[in-house]
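Have a look at the structure below before the remarks.
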Amino acid sequence: MTTLNQYLDAGAAKLPADLVIEHGTLANVDTGEFYPADVAVYQQRIVAVDDDVSAYVGPQTRHIDATGKTLVPGLIDGHIHVECSKLSMTRFAQLAVPHGTTSIVSGLDEYISVIGVQGLDEIFAEIKNLPLKVFWGLPYKTPYTIPKSTIAYNVTAADHEHYLPQENCYGVWETVKEAVATQDPDTLKALELAKRYHKPIFGCSPMTQGRDLNAFLMSGVHIDHESYSHQEFLEKARKGLRVVIRESSVTKFLAENIRALTEGPAGVARHISFCTDDVNARDVLAHGHLDHMVRLAIQAGVAPMTAIQMASLNGAEAYHVDDTVGSIAPGKDADILLVDHPGTFNVETVISRGQLVTENGQPVLAFTPPKRSAALQGQLKHTLLTPAEFDYPVAATTGTARVRTIHSVGPFVRKAKDVTLQIRDGRVQPDAAQDVAAVSVIERHGVNQNHARGFISGWSITHGAIATSAAPDDNNLVVAGINSADMALAANTLIDCGGGQVVVDHGQVVALLKLPIAGITTDLTPKDLAAKEIELKRAAEQLGSTLPDPLFYLSFLPITAIPDLAITDGGNVDYTQLTYFDPILKISE
């Protein structure tokens, strides 16, 4: 453990630096300047940023020549569900850090839903050995769903009493507007504790403006990552929120939200930072991570320095971690990127926690996952299912049923669509001709064995079934399809292998991704996982699906906060009313 005395001596050049970066151009995000500067690093911290750091050089000092390169702070993802990448923490770091992401803010809430908060100790131990910092916020409450669904561990105010005072807890994660509006007692207690301990409250309030926004802000929320329009985004910034632009694999809001800056007041830039929320391996490998967002912002007309500030300092300040990260300055962690040019922003060399991770685009640091304990081994705690259990029974033997389907019109927009379906042998039949498939959500944590049934539309599935046990935020087993036998095979395949994603057609498993870590993530390399993702997508397309990413859409079906409808293990949910609804509207015999 390096002492403060040693750092003070290193800053005074009394101890030699471990690393110096010379002849580069510094992107000083604190002052908005580009100028020549050298950087000296000692024991993972920056100790000097000057025009000459030769006084810090010793016999063992490593030199990096940054001639022609720009030195940029490590990038910060302000809101990400790492587990939604389906990668373990080690493999996610292997994916994201080479793109310049050296810090993330996360609730690790998908893991909590399966292994509980105490189960995170093993995840935190894994993170400690990675060149990736995770600023963790304890979820305001779990489950997030309204009405309440079933998970393995429910976060309550008592957890906030215990964890918020701790050094490794950086705030209250994902505080949704509805929990505040309904004045949920556990949520309000968590917010009061956050204020007591001066920890920021991370908000989630899509499509919230006017009086609704005013009421939400009275909770003390400090940051928000959910805006569907640039007008909403600008109003939130004008009312003091640190607003985060989201550009995920399926929810791409940068082009719309950035208009608050490119068409609005220049001062709004100080409020803006970036996040990816949910990404998959193949998109990051193809396009990048936070570096991709920087390039998109620049292409939209944002000045390179401003875009870099959004991806670094602004996020650090928003989450109250700018004493550690966010800029290249003495005393900060040595998270430094060498990019080709601010305007093109291609990350060529990455130094994170003072470690050289990539150099000139080539990997230097090995990423080796730790041995997993039995507690992290995926297990779907449910008996095998029969095809009949995926049928939707009604009292009438024949006739028709007027049914309300959950109609997907976008990854984060679902509306009601009413259709008439046939009843055969007392069971409502899916109808590929009307683009209506059956859907089930099955409780997998061994709590109550719930099995909710409903109907979805907008998927274009004509045969077969798909299933996933990676399904935020409850990570129950979600199955959709036209054929009940294929749905049962899909569900049972995942129960047998301990979790994953699968596509089944005509009684055959045609694509399978096993997710052995808590049933939601894997230690596959990013490239191997990306290949599996492509295999699953193509298999789902062979079933007729025309969605951009059918398995991603399927995994999101239990998220009740997506307007307007959802389905959890408790039933079909109308989130506009915060209540369950019966999908069978009328039976005609």
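Below, all heavy atoms of this structure are taken into account, side chains as well, without hydrogens, waters or symmetry copies. None of these values were measured; they are calculated from a predicted model.
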- ring pair (Phe, Tyr, Trp, His ring centres under 6.0 Å) filter on Trp459, not counting sequence neighbours, yields none
- Query: Side chain of His463, backbone of Gly544: donor and acceptor closer than 3.5 Å?
  - Reply: no
- Message: Around atom CD of Glu541, are there more than 12 heavy atoms from other residues, nucleotides or ligands closer than 6.0 Å?
- Response: yes
- Side-chain donor or acceptor of Glu83 paired with backbone N/O of Glu110 under 3.5 Å: yes
- Message: Using modelled atom types and a 3.5 Å cut-off, is there a donor and acceptor pairing between side-chain atoms of Glu535 and backbone atoms of Ala531?
- Response: no
- Is it the case that more than 12 heavy atoms not belonging to Arg402 sit under 6.0 Å from its CZ atom? yes
- Query: With a 4.5 Å limit on heavy-atom distance, are the side chains of Asn450 and Ile442 in contact?
  - Reply: no
- Can you check whether Tyr392 and Phe455 have ring centres sitting under 6.0 Å from each other? yes
- For Glu443 and Gln449, indicate whether the former's side chain and the latter's backbone hold a donor-acceptor pair under 3.5 Å. yes
- Query: Hey, which of Asp109, Asp473, Asp184, Asp159 is the one that makes salt bridge (charged side-chain N to carboxylate O under 4.0 Å, His left out) with Lys141?
  - Reply: Asp184
- Determine, for Asp474 against Arg444, whether the closest basic-nitrogen to carboxylate-oxygen distance falls under 4.0 angstrom. no
- Query: Which atom pair, heavy atoms only, marks the closest approach of Gly481 to Ala437?
  - Reply: O-CB, 3.6 Å
- Without swapping roles, check the side chain of Gln501 against the backbone of Ile466 for a donor-acceptor pair under 3.5 Å. no
- With Arg414 as partner, the option from Ile567, Ile456, Val409, Ile562 fulfilling side chain to side chain contact (heavy atoms under 4.5 Å, CB included) is Ile562
- Query: What are the two closest non-hydrogen atoms of Tyr575 and Ala561, and how far apart are they?
  - Reply: CE2-CA, 3.5 Å
- Query: Only one of Ser469, Ser113, Ser555 clears side-chain hydrogen bond (donor to acceptor under 3.5 Å, both in side chains) with Asn475; which?
  - Reply: Ser113
- Task: For the residue pair Leu529 and Leu513, establish whether any side-chain heavy-atom pair is separated by less than 4.5 Å.
- Result: yes
- Query: Does the gap between the ring centers of His287 and His289 come in under 6.0 Å?
  - Reply: no
- CD of Gln508: more than 12 outside heavy atoms within 6.0 angstrom? no
- Query: How far apart are the closest heavy atoms of Pro147 and Val573, and which atoms are they?
  - Reply: CD-CG1, 3.9 Å
- Note on the structure: Nearest heavy-atom approach of Trp173 to Gly137 is CB-O, 3.2 Å
- Tyr140 vs Tyr144 aromatic rings, parallel, tilted or perpendicular, using cut-offs 30° and 60°? parallel
- Report yes if the side chains of Pro143 and Ser149 come closer than 4.5 Å at any heavy-atom pair, otherwise no. yes
- Side chains of Thr150 and Asn448: do they bring a donor and an acceptor to under 3.5 Å? yes
- Note on the structure: All heavy atoms of Asp435 vs all of Ser460, minimum pair found to be OD1-N, 2.6 Å
- Give me the ring orientation class for His79 and His225: parallel if the planes are under 30° apart, tilted from 30 to 60°, perpendicular past 60°. parallel
- Taking all heavy atoms of Ser88 and all of Thr521, pick out the closest pair and write down the distance. N-CB, 4.0 Å
- Message: Checking the side chain of Asp186 only, and the main-chain atoms of Ala157 only, is there a donor and an acceptor separated by less than 3.5 Å?
- Response: yes
- Query: Between His292 and His99, does the ring centre distance come in under 6.0 Å?
  - Reply: no
- Item | Min side-chain heavy-atom separation Leu296-Glu247 under 4.5 Å | yes
- Query: When you measure from the side chain of Asn257 to the backbone N and O of Ser227, does any donor-acceptor pair fall under 3.5 Å?
  - Reply: yes
- Message: Tell me every residue that passes ring pair (Phe, Tyr, Trp, His ring centres under 6.0 Å) with Phe390, counting only those two or more places apart in sequence or in another chain.
- Response: His451
- Task: Would you indicate whether Lys381, at its atom NZ, is surrounded by more than 12 heavy atoms from other residues, nucleotides or ligands within a distance under 6.0 Å?
- Result: no
